[in-house]
Amino acid sequence: MAAPAISSPFSTLFTARLSSFSSNNQHPKIINYAKPFVIRCVNSAQTIYSPTIRRSANYRPNFWDYSFVKSLKSDYTEKHAEKYEKMEEEVRCLITAPMEPLERLELIDEVQRLGLRYKFETEIKNAVQDVVNQTNDQDAMLHHDIHSTALRFRILRQHGYHVPQEIFDRFKDENSHFKADLCNDVEGMLSLYEASFFGLGDENTIDDAKVFATKHLKGLNEAKLDSLMARKVNHALDMPLHWRLNRIPDNTIKTCLLALFNTTNEIGYWTLREKGFNIIPYLSKMWANLCKAYCKEARWFHSGYKPTLKEYIDNAVVSISAPLGLFTAYFSTTENISKEALDYIYDLPSIMRCSAMLLRLTNDLGTSSDELARGDNVKSIQCYMNDTGASEEVARAYINGLVHRTWKTLNKDMFLDNPFEEPFISACPNLGRTAQCFYQYGDGHGVPQYWTKDHIISLLVEPVPLD
């Protein structure tokens, strides 16, 4: 009996795209190079590991087929180009114009909320530095209310500046609790809530701020709020800004799709030619580690073994394929590749492990029930239940808390000295944000629903309204 197909995000996407492109006579050169590589990888894994192959989980067909992607259209035309360029220049001038620190922070926040940070990276960076130069942690101009304090805290931490949690102490009572009258300031509560997701490890004040702000925002009477503020509160409670995907529209999608069709040897050849470094041995090890992790899961499943939560996570951070993806992101975006950095990445440092954990745990929270019903392996929720005897509800709450703690560790790791630089550093939290987006309401990848489609289209296809 033939071994079942490997259920890998890479093999599934490669073979699906190759089939659809072949039928439409698209990109013949890419097909000729990529198809033998994919078939060889899949067949090799089946031949070597067929007695303990990983479960496929019988996924339903995904709506992201070639015909759907090809059908995506935008109303953006040439007549909008001149108007768009003019508006872009106006925004650039506005960001760099002289203004008060609070006004500048609010402008930066609005630009970033519109998903336009990538368009004004230099201007925003300089504007944040201006705020740092104009203010300090005791500056009364910015700290007379909770909104301005929390906004400064969030924007500066987001851009890599250390701001101590003690700046919120002035808003506490004699019992070190946040003052009750702060609840009357809805905008302030919203700012405190968003800021609390930039907490680092062992920051009790930030943890208290998250609990305090969340409780009071959820307890608001929406009927007493204006419609815009009510929408802002619901949007924030649905998912904080720090966890949301950023808008990216230019040629990013084309680049990603083309990259998926390159083979490992093509990538290795290009890296050697352009950067003078042979990364093929590292890529081979990464692929080997991924296959070994798949095989361990298969052995667990076929033997009926129930791993502990620790055993599960130690293997799952590799089997989710995040290390391979992040490793590829490093050498494809870094100008000066070093052996020290590659060795460091290969050992899965904390910043990458946290990113992989966020992808795995949010996936589990959104998919475990459906995947178990389809015959897949136990997930982190079931491992915790087996370890402790807890109910599924309690286990889900624990894993959700672990997601929050992992974000805090990742936030802290972003401040550490690492042997690599941007844009790779931002790739780690961006992977976590992608996971939060796809699995927030369920299995947004394996069983995609309208909300996944609407969310992705709003980020990647629909233009920002100009009027």
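The first residue in the sequence is number 1, and the count goes up from there.
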Could you state the interatomic distance from [atom1] ([X]) to [atom2] ([Y]), rounded to the nearest 0.5 Å?
{"X": "Arg433", "Y": "Leu241", "atom1": "CZ", "atom2": "CG", "result": "10.0 Å"}
{"X": "Asn400", "Y": "Leu361", "atom1": "CG", "atom2": "CG", "result": "10.0 Å"}
{"X": "Ile337", "Y": "Leu342", "atom1": "CD1", "atom2": "CG", "result": "6.5 Å"}
{"X": "Trp243", "Y": "Thr434", "atom1": "CH2", "atom2": "OG1", "result": "14.5 Å"}
{"X": "Leu225", "Y": "Lys232", "atom1": "CG", "atom2": "NZ", "result": "12.0 Å"}

For [X] and [Y], test the side chains for any donor-to-acceptor distance below 3.5 angstrom and give the result as yes or no.
{"X": "Gln129", "Y": "Asn133", "result": "yes"}
{"X": "Asp364", "Y": "Tyr439", "result": "no"}
{"X": "Glu106", "Y": "His147", "result": "yes"}
{"X": "Tyr294", "Y": "Asn289", "result": "no"}
{"X": "Glu297", "Y": "Ser319", "result": "yes"}
{"X": "Asp413", "Y": "Ser350", "result": "yes"}

*Where do Ile381 and Ala395 come nearest, in terms of heavy atoms and distance?*
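The pair with the smallest heavy-atom distance is O-CB, 3.6 Å.
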*At their closest point, which heavy atom of Ser338 faces which heavy atom of Tyr330, and how far apart are they?*
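Of all heavy-atom pairs spanning Ser338 and Tyr330, the closest is N-OH, 3.7 Å.
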Look at atom [atom1] of [X] and say whether more than 12 heavy atoms of other residues, nucleotides or ligands are closer to it than 6.0 Å.
{"X": "Arg113", "atom1": "CZ", "result": "yes"}
{"X": "Phe415", "atom1": "CZ", "result": "yes"}
{"X": "Asp417", "atom1": "CG", "result": "no"}
{"X": "Asp226", "atom1": "CG", "result": "yes"}

Could you tell me whether the side chain of [Y] reaches within less than 4.5 Å of the side chain of [X], counting heavy atoms only?
{"X": "Lys179", "Y": "Lys172", "result": "no"}
{"X": "Met352", "Y": "Val317", "result": "no"}
{"X": "Phe277", "Y": "Phe331", "result": "no"}
{"X": "Met189", "Y": "Phe212", "result": "yes"}
{"X": "Glu166", "Y": "Asp169", "result": "yes"}
{"X": "Asn221", "Y": "Lys224", "result": "yes"}
{"X": "Asn278", "Y": "Thr271", "result": "no"}
{"X": "Phe420", "Y": "Ile425", "result": "yes"}

For [Y], is there an ion pair with [X] - N to carboxylate O distance below 4.0 angstrom?
{"X": "Arg353", "Y": "Asp314", "value": "yes"}
{"X": "Glu100", "Y": "Arg104", "value": "no"}
{"X": "Arg157", "Y": "Glu203", "value": "yes"}
{"X": "Arg92", "Y": "Glu89", "value": "yes"}
{"X": "Lys408", "Y": "Asp207", "value": "yes"}
{"X": "Lys412", "Y": "Asp202", "value": "no"}
{"X": "Arg117", "Y": "Glu121", "value": "yes"}

*Could I get the full list of ring pair (Phe, Tyr, Trp, His ring centres under 6.0 Å) partners for Tyr161, not counting sequence neighbours?*
none
*Would you please name every residue forming a ring pair (Phe, Tyr, Trp, His ring centres under 6.0 Å) with Phe168, sequence neighbours left out?*
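Ring pair (Phe, Tyr, Trp, His ring centres under 6.0 Å) check on Phe168 returns Phe153.
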Checking [X] side chain against [Y] main chain: does a donor-acceptor pair fall under 3.5 Å?
{"X": "Arg396", "Y": "Leu365", "answer": "yes"}
{"X": "Asn126", "Y": "Thr122", "answer": "yes"}
{"X": "Asn430", "Y": "Ser426", "answer": "yes"}
{"X": "Asn234", "Y": "Ala230", "answer": "yes"}
{"X": "Arg154", "Y": "Phe198", "answer": "no"}
{"X": "Ser148", "Y": "Asp145", "answer": "yes"}
{"X": "Asp387", "Y": "Thr308", "answer": "no"}
{"X": "Ser191", "Y": "Gly188", "answer": "no"}
{"X": "Thr409", "Y": "Arg405", "answer": "yes"}
{"X": "Asn246", "Y": "Gly115", "answer": "no"}

_What verdict does the side chain to side chain donor-acceptor pair (under 3.5 Å) test give for Glu462 and Ser458, after you've listed the backbone C-alpha separation in whole Å, the side-chain angles of each residue and the deciding distance to 0.1 Å?_
CA-CA 5 Å; Glu462 295 178 350; Ser458 71; 5.5 Å; no
*Decide whether a cation-pi geometry holds between Lys210 and Phe197; the criteria are a distance under 6.0 Å from NZ or CZ to the six-membered ring centre and an angle within 45° of the ring axis.*
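The answer is yes, since Lys210 meets both limits relative to Phe197.
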*asked:* One pair to check against side chain to side chain donor-acceptor pair (under 3.5 Å): Lys275 and Thr334. What are the steps and the verdict?
replied: CA-CA 9 Å; Lys275 304 188 178 184; Thr334 300; over 6 Å; no
*Residue pair Glu392, Gln382: steps toward the side chain to side chain donor-acceptor pair (under 3.5 Å) verdict*: CA-CA 8 Å; Glu392 181 174 348; Gln382 291 73 38; 5.2 Å; no
*Taking it one step at a time, do Arg152 and Thr135 satisfy side chain to side chain donor-acceptor pair (under 3.5 Å)?*
CA-CA 10 Å; Arg152 179 179 182 274; Thr135 66; 3.1 Å; yes
_Checking Asp208 now: which residues fulfil side chain to side chain contact (heavy atoms under 4.5 Å, CB included) with it, not counting sequence neighbours?_
Phe178
